[in-house]
Amino acid sequence: MLSQRETTLLLAAGLSILPKASWVNGRSFLETAKVLTQWDNALGINDFEWEKESLCRKKNGKFFLYGEGEPASPYATDHDTARKPGPWSEGEDIIPFTTDQAKQWAEKKLDPDKYEKIFGKVPEDNEVITEEVQFDRDD
């Protein structure tokens, strides 16, 4: 797992932070995917509940979420082995998303400006879109 500093440097350089090749249910998620945005729970990487999620899009337009986190996060991995003390350690996962799932994730995790940068402008509830129409009168 990359440190927060390493991740920031790689993203600033325009490089991918994803594993070289990962397979989920027989589908490939390659490092050529574009990281659209990232979210973390702001607890700091040394906190056992820290988690970070990256919304990504493959070249074919399909979305997925790359998540990583510490032992008390949703991304924790069960490693009940002699090599690691305790049954849980940091982990990561790739979750395929539909466009609707990507939008739902973004609505919960991002501010409106970041959401619109990815998915386009969303009309406000009370926003009225008007169009001027002219009719010729037959007198």
Are more than 12 heavy atoms, taken from residues, nucleotides or ligands other than Lys114, located less than 6.0 Å from that residue's NZ atom? no

Please tell me whether Trp105 and Phe63 are part of a single hydrophobic cluster in this structure, the criterion being side-chain heavy atoms less than 4.5 Å apart.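 Linked within one cluster.
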
Would you kindly confirm whether Leu55 and Ile95 end up in one hydrophobic cluster when ILVMFWY residues are joined by side chain heavy atoms under 4.5 Å apart?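 Yes, same cluster.
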
If you round to the nearest 0.5 Å, how far is [atom2] of [Y] from [atom1] of [X]?
{"X": "Ser73", "Y": "Glu68", "atom1": "OG", "atom2": "CD", "result": "9.0 Å"}
{"X": "Gln38", "Y": "Glu53", "atom1": "CD", "atom2": "CD", "result": "10.5 Å"}
{"X": "Phe64", "Y": "Leu36", "atom1": "CZ", "atom2": "CG", "result": "9.0 Å"}
{"X": "Glu90", "Y": "Trp50", "atom1": "CD", "atom2": "CH2", "result": "10.0 Å"}
{"X": "Lys117", "Y": "Thr37", "atom1": "NZ", "atom2": "OG1", "result": "8.0 Å"}
{"X": "Glu70", "Y": "Lys52", "atom1": "CD", "atom2": "NZ", "result": "11.0 Å"}

Side chain to side chain, Leu110 and Ile118, heavy atoms closer than 4.5 Å: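 Sidechains of Ile118 and Leu110: in contact.
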
Gln104 side chain reached by Phe97 side chain, heavy atoms, under 4.5 Å: no

Shortest non-hydrogen contact from [X] toward [Y]:
{"X": "Gly69", "Y": "Tyr75", "result": "N-CB, 3.7 Å"}
{"X": "Pro71", "Y": "Ala76", "result": "O-CB, 3.0 Å"}
{"X": "Ala106", "Y": "Tyr115", "result": "CB-CD1, 3.5 Å"}

For Glu51, what residues pass the salt bridge (charged side-chain N to carboxylate O under 4.0 Å, His left out) criterion, not counting sequence neighbours? none

